[in-house]
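To start, the structure under review is shown below, and the notes come after it.
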There are 2 protein chains.
Amino acid sequence: MPDIQEGKAAIDQQIRHLQDTLYVINGKWKLPILVAVHQGNTRFRDIQRSTGGITTKALSKELKELEQNKLVLRKVYDTSPPRVECTTTSYCDTLSNMIAEMIDWGKNHRNKIKED
Amino acid sequence: MPDIQEGKAAIDQQIRHLQDTLYVINGKWKLPILVAVHQGNTRFRDIQRSTGGITTKALSKELKELEQNKLVLRKVYDTSPPRVECTTTSYCDTLSNMIAEMIDWGKNHRNKIKED
DNA sequence: CATACCAGTTACCTAAAGGATGCCAGATAT
DNA sequence: ATATCTGGCATCCTTTAGGTAACTGGTATG
């Protein structure tokens, strides 16, 4: 938690950064997609299959957002049938620590809740 | 990002942990509330005012969820007018690292996006 | 006497997220 | 010749998040 000593303005600023992050990774699919792509699933249908259950509409939308946030790179080949190859960017790696912490906490939390 | 070497089952497990975490901190208000309470705002109306804009209905709901997840403690005094005092639990401190990473990343990301 | 405050609850509404289904067009595989 | 694959898009639907406004009952304040 942010230190109680910090001024209100500084804390409000931190909350805004937090909300920026939440905004980028929000929703049901962003992280699963990121992991799937990072694993080596480059094609649209492959990503769809490996995330299990996402519709084309949702996947299409999510990929666009991930691309806008520079976490995924989409190369479109003007062939027929169309070919698109998605990869995670090196910038995507800056999420490593955060994701690791989130995984850690989620794991720990599940145990904590089970102890009720 | 999770290591590409890990098996699919392990990765799926990590995704589930991730989703657990996202589930707990989701929405517009959870983190702002947590910070407000941690700052020392214990009373319902104080929290409402210091988060700026949340309605009683939303705050009531969010506090219940935070309590269920053992991040906030609600002490209800059976007086009249009713008095409730909210505090963050020590367990809430286990979020420190994660939140710090999220703040860091959000800060960095805003700059990154501005470079377009 | 009237008003405002405590901590909510209830009913109602809107916007967004997410899902289901069907379609396109050209190419390849059976 | 028929089916299947490609990366989507259009349409319709349900679910959820979140907001608005009104109200409660007892108490303290003006």
Side-chain angles (χ1 to χ4, degrees), chain A residues 15-16 18-37 40-69 71-88, chain B residues 15-16 18-37 40-69 71-88:
Chain A
I15 289 176
R16 254 172 263 127
L18 216 35
Q19 287 173 326
D20 286 345
T21 300
L22 287 167
Y23 183 77
V24 172
I25 65 173
N26 73 351
K28 191 173 172 181
W29 297 111
K30 297 255 167 46
L31 270 340
I33 290 170
L34 235 37
V35 173
V37 174
N41 298 95
T42 62
R43 308 297 299 277
F44 191 89
R45 299 290 180 188
D46 291 341
I47 299 167
Q48 185 180 19
R49 275 185 287 263
S50 72
T51 46
I54 193 170
T55 61
T56 60
K57 174 190 165 190
L59 180 53
S60 177
K61 188 188 134 227
E62 302 283 30
L63 281 176
K64 275 172 194 163
E65 293 180 21
L66 290 172
E67 198 187 3
Q68 276 176 17
N69 287 317
L71 297 172
V72 154
L73 205 69
R74 261 171 82 253
K75 273 189 187 169
V76 184
Y77 297 90
D78 192 17
T79 62
S80 184
R83 163 177 288 256
V84 173
E85 286 188 357
C86 296
T87 46
T88 53
Chain B
I15 289 177
R16 254 171 265 127
L18 216 35
Q19 288 173 327
D20 286 345
T21 300
L22 287 168
Y23 183 77
V24 172
I25 65 172
N26 73 352
K28 190 173 172 180
W29 297 112
K30 297 254 166 47
L31 272 338
I33 290 169
L34 235 37
V35 173
V37 175
N41 297 93
T42 62
R43 309 294 300 276
F44 190 88
R45 298 292 179 187
D46 291 342
I47 300 167
Q48 185 180 20
R49 276 184 286 263
S50 71
T51 47
I54 192 169
T55 62
T56 59
K57 174 193 165 189
L59 180 54
S60 176
K61 188 187 134 228
E62 302 283 30
L63 281 176
K64 275 172 194 162
E65 292 180 21
L66 290 171
E67 197 186 6
Q68 275 174 16
N69 286 317
L71 297 172
V72 155
L73 206 70
R74 258 172 84 253
K75 271 190 188 168
V76 184
Y77 298 90
D78 193 16
T79 63
S80 182
R83 163 175 288 254
V84 174
E85 287 188 357
C86 294
T87 46
T88 53

As an exercise, state the distance from [atom1] of [X] to [atom2] of [Y], rounded to the nearest 0.5 Å.
{"X": "A:L66", "Y": "A:K61", "atom1": "CG", "atom2": "NZ", "answer": "10.5 Å"}
{"X": "B:Y23", "Y": "B:K30", "atom1": "OH", "atom2": "NZ", "answer": "8.0 Å"}
{"X": "B:I25", "Y": "A:L18", "atom1": "CD1", "atom2": "CG", "answer": "7.5 Å"}
{"X": "B:T88", "Y": "B:I33", "atom1": "OG1", "atom2": "CD1", "answer": "13.0 Å"}

Does a nitrogen or oxygen in the side chain of [X] sit under 4.0 Å from OP1 or OP2 of [N]?
{"X": "A:T55", "N": "C:dT21", "value": "no"}
{"X": "A:K57", "N": "C:dA17", "value": "no"}
{"X": "B:R43", "N": "C:dC6", "value": "no"}
{"X": "B:K30", "N": "D:dA17", "value": "no"}

Spacing between [X] atom [atom1] and [N] atom [atom2], to the nearest angstrom:
{"X": "A:Q48", "N": "C:dA20", "atom1": "CD", "atom2": "C1'", "answer": "13 Å"}
{"X": "A:I54", "N": "D:dC9", "atom1": "CD1", "atom2": "P", "answer": "14 Å"}
{"X": "B:K61", "N": "D:dT16", "atom1": "NZ", "atom2": "P", "answer": "11 Å"}
{"X": "B:K28", "N": "D:dG18", "atom1": "NZ", "atom2": "P", "answer": "8 Å"}
{"X": "B:N26", "N": "C:dA17", "atom1": "CG", "atom2": "C1'", "answer": "13 Å"}
{"X": "A:E65", "N": "C:dA17", "atom1": "CD", "atom2": "C1'", "answer": "11 Å"}
{"X": "A:L59", "N": "C:dA17", "atom1": "CG", "atom2": "P", "answer": "16 Å"}
{"X": "B:L63", "N": "C:dG8", "atom1": "CG", "atom2": "P", "answer": "8 Å"}

Item to check | Any donor-acceptor pair under 3.5 Å from A:Q48 side chain to A:I54 backbone | outcome: yes

Checklist outcome for this item: Among C:dG18, D:dT6, D:dG18, the one nearest any side-chain atom of B:W29 is D:dG18

Checklist entry - When all nucleic acid strands are considered with a 4.0 Å heavy-atom cut-off, which category describes B:S60: base, sugar-phosphate, or nothing? => result sugar-phosphate

Checklist entry - How about A:R83: does its CZ atom have over 12 heavy atoms from other parts shown lying under 6.0 Å from it? => result no

Checklist entry - Taking everything shown except B:R43 itself, do over 12 heavy atoms lie less than 6.0 Å from its CZ? => result yes

Checklist entry - Got a sec? Which of residues 73-83 of chain A come in under 4.0 Å of DNA chain C, heavy atoms? => result A:S80, A:P81

Item to check | Toward the 5' end of DNA chain C, by each residue's nearest nucleotide, B:T56 or B:R49 | outcome: B:R49

